Number of protein chains: 2
Amino acid sequence: MADKKLILRFTNHPGYNLRMATNSAMSQLTGILAESGLRIVEATILIVVYDNRGCRQSQIGKVLNISSANMTPLITRLEERGIIRREAADGRSNALHLTDQGEKIVATAARRMADFEAGLIARVPSHLRKPFLEALRHLSGVSE
Amino acid sequence: MADKKLILRFTNHPGYNLRMATNSAMSQLTGILAESGLRIVEATILIVVYDNRGCRQSQIGKVLNISSANMTPLITRLEERGIIRREAADGRSNALHLTDQGEKIVATAARRMADFEAGLIARVPSHLRKPFLEALRHLSGVSE
DNA sequence: GCAAATAGCTATTGAGCATAGCAATTAAAT
DNA sequence: ATTTAATTGCTATGCTCAATAGCTATTTGC
């Protein structure tokens, strides 16, 4: 019994494989971004700021599905580390900008992230890539 | 600025979509399994026990990638709730069995989970399903 | 002017996962 | 047979991420 192989009914289920694939990919990405001293959420936020200078903290929360309560400590930490700068846009909004140091860090992190994405899709046989991405979009809600 | 749409470079990246898709699917599944009073990990463990009566705690940890340190409180909690029963197999191994009550709970949870998986794949257009699952297996490491 | 919505903040919680270290038992090596 | 190594399970602890409740201040719409 102790050495018999277990029956795993999940192995063909989409949800289970989705979870496994994400776990594997995300732990890999965590390691890659650690070289930039960033966590996945942090890098994701920073790249949005990089592509949208002066955008509002609340806007980022909306597109990335992060509540304002969780945004606050994230941005605070990035500010304390001198990567990002909050700038009062009106009395209640913060416009976000990268510091000079932040620019460099994000440029590197973005390159690493792009390499990761390329490596990820490379693991899928080329003829499956297009249908795979299209199917994913149906499940992630991006296409809706 | 505050109302301009943000540029999101991730929307076509496999890793990002993978994460989004998993988030959406897993929070749905969390809700479904809550009706059985179970969390996803718990239901997954229980179904493995259901299909492999008397299997070892350590075996489950291996196939599901759960460390023994994390298995302990999980199994303890299921035992305290009268769903599972630990049985010393040798001096260091626990063989796991479902209680009568556990049988019923797991049967229901397994049905709910199967329904969820069916609903999930139904969201993918039928012609994309096969390549999607095959691609997923490449990323989840199941096919390796 | 006043009510409602928006934006951000604090504090706290829970799930999930990882690590370090410990004790006991079993298996392997000489 | 005795020592060594590997395994099984356990406690304790910490981290990340997400969720919630409740708060203040500001802005907007009627």
Side-chain angles (χ1 to χ4, degrees), chain A residues 1-3 6 16 18-20 22-34 36-45 54-80 84-96, chain B residues 1-3 6 16 19-20 22-34 37-45 54-80 84-96:
Chain A
M1 177 82 238
D3 51 348
L6 297 187
Y16 183 75
L18 206 52
R19 196 146 61 98
M20 294 298 102
T22 301
N23 279 352
S24 142
M26 289 308 124
S27 66
Q28 194 199 336
L29 182 56
T30 299
I32 289 170
L33 290 176
S36 291
L38 297 172
R39 297 174 299 176
I40 295 180
V41 218
E42 293 172 334
T44 309
I45 290 172
C55 68
R56 304 298 141 84
Q57 187 172 320
S58 58
Q59 286 183 296
I60 296 186
K62 265 173 206 140
V63 296
L64 297 182
N65 271 308
I66 305 174
S67 73
S68 69
N70 291 330
M71 280 299 286
T72 302
L74 281 168
I75 301 299
T76 300
R77 186 149 178 277
L78 291 171
E79 197 174 34
E80 284 169 353
I84 227 174
R85 190 165 42 81
R86 276 193 255 232
E87 192 175 86
D90 56 40
R92 56 187 169 166
S93 301
N94 289 332
L96 300 183
Chain B
M1 178 83 239
D3 50 348
L6 297 187
Y16 183 76
R19 196 146 62 98
M20 293 299 103
T22 302
N23 278 352
S24 142
M26 288 309 122
S27 68
Q28 194 198 338
L29 181 56
T30 298
I32 290 170
L33 291 176
L38 297 173
R39 296 175 300 176
I40 295 179
V41 218
E42 293 173 333
T44 309
I45 291 172
C55 68
R56 304 298 140 83
Q57 187 172 320
S58 58
Q59 286 183 295
I60 295 186
K62 265 173 208 142
V63 297
L64 297 182
N65 271 307
I66 306 173
S67 73
S68 69
N70 291 328
M71 279 299 285
T72 302
L74 280 168
I75 301 298
T76 299
R77 186 149 179 277
L78 292 171
E79 197 175 33
E80 284 169 353
I84 228 175
R85 190 165 42 82
R86 275 194 255 232
E87 193 176 86
D90 56 38
R92 56 188 169 167
S93 301
N94 289 333
L96 301 182

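Quick note on labels: first sequence line is chain A, next is B, and so on, each numbered from 1. Computed from a predicted structure; not experimentally measured.
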S.K.: What nitrogen or oxygen pairs link the protein and nucleotides 24-26 of chain D at under 3.5 Å?
M.R.:
residue, atom, partner, partner atom, Å
dT26(D), O3', Gly91(A), N, 3.4
dT26(D), O2, Arg92(A), NH1, 3.4

S.K.: Report the residues that fulfil side chain to side chain contact (heavy atoms under 4.5 Å, CB included) with Asn65(A), sequence neighbours left out, ordered by chain and then residue number.
M.R.: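 Per chain and number, Asn65(A) pairs via side chain to side chain contact (heavy atoms under 4.5 Å, CB included) with no residue.
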S.K.: With Ala89(A), which residues qualify under side chain to side chain contact (heavy atoms under 4.5 Å, CB included), at least two apart?
M.R.: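 Side chain to side chain contact (heavy atoms under 4.5 Å, CB included) list for Ala89(A), sorted by chain: Arg56(A), Ser93(A), Ala95(A).
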S.K.: In chain order, what residues pass the side chain to side chain contact (heavy atoms under 4.5 Å, CB included) check against Ser24(A), with sequence neighbours excluded?
M.R.: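 Ser24(A) satisfies side chain to side chain contact (heavy atoms under 4.5 Å, CB included) with Arg123(A) once adjacent residues are dropped.
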S.K.: Can you list everything that forms a salt bridge (charged side-chain N to carboxylate O under 4.0 Å, His left out) with Arg86(B)? Sequence neighbours excluded, please.
M.R.: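 Arg86(B) satisfies salt bridge (charged side-chain N to carboxylate O under 4.0 Å, His left out) with Glu79(B) once adjacent residues are dropped.
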S.K.: With Ser67(B), which residues qualify under side-chain hydrogen bond (donor to acceptor under 3.5 Å, both in side chains), at least two apart?
M.R.: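 For Ser67(B), the residues satisfying side-chain hydrogen bond (donor to acceptor under 3.5 Å, both in side chains) (neighbours in sequence not counted) are Asn70(B).
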S.K.: Apply salt bridge (charged side-chain N to carboxylate O under 4.0 Å, His left out) to Glu87(A) and list each qualifying residue two or more places apart in sequence or on a separate chain.
M.R.: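 Result, salt bridge (charged side-chain N to carboxylate O under 4.0 Å, His left out) vs Glu87(A): Arg85(A).
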S.K.: By the salt bridge (Lys or Arg N to Asp or Glu O under 4.0 Å) test, which pairs, at least two apart or in different chains, include something from residues 59-70 of chain B?
M.R.: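 Matches after skipping sequence neighbours: none remain.
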S.K.: Check nucleotides 1-5 of chain D for protein N or O atoms closer than 3.5 Å to its own N or O atoms and list the pairs.
M.R.:
none

S.K.: Take Ser58(B) and Asn70(A), find for each the nucleotide of DNA chain D with the closest heavy atom, and name the residue whose nucleotide sits nearer the 5' end.
M.R.: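 Between the two, 5'-proximity favours Ser58(B).
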S.K.: So which atom in Leu33(A) and which in Ile40(A) form the shortest heavy-atom distance, rounded to 0.1 Å?
M.R.: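 Taking Leu33(A) first and Ile40(A) second, the nearest heavy atoms are CD1-CA, 3.8 Å.
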S.K.: With a 4.5 Å heavy-atom cut-off, do Val41(B) and Leu64(B) have their side chains touching?
M.R.: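 Val41(B) does not reach Leu64(B) side chain to side chain.
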S.K.: Return the angle between end axes of the helix from dG1(C)-dC30(D) to dT30(C)-dA1(D), with five pairs used per end and rounding to 10°.
M.R.: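 One end's axis against the other's: 30°.
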S.K.: Of all of residues 61-69 of chain B, which get a heavy atom below 4.0 angstrom from DNA chain D, listed by number?
M.R.: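 Result for residues 61-69 of chain B: Lys62(B), Ser68(B), Ala69(B), sorted by number.
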S.K.: Who passes salt bridge (charged side-chain N to carboxylate O under 4.0 Å, His left out) against Arg77(A), sequence neighbours left out?
M.R.: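 Glu42(A).
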S.K.: In the structure I gave you, are the side-chain heavy atoms of Thr44(B) and Arg19(A) within less than 4.5 Å of one another anywhere?
M.R.: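 Yes. Closest side-chain heavy atoms under 4.5 Å.
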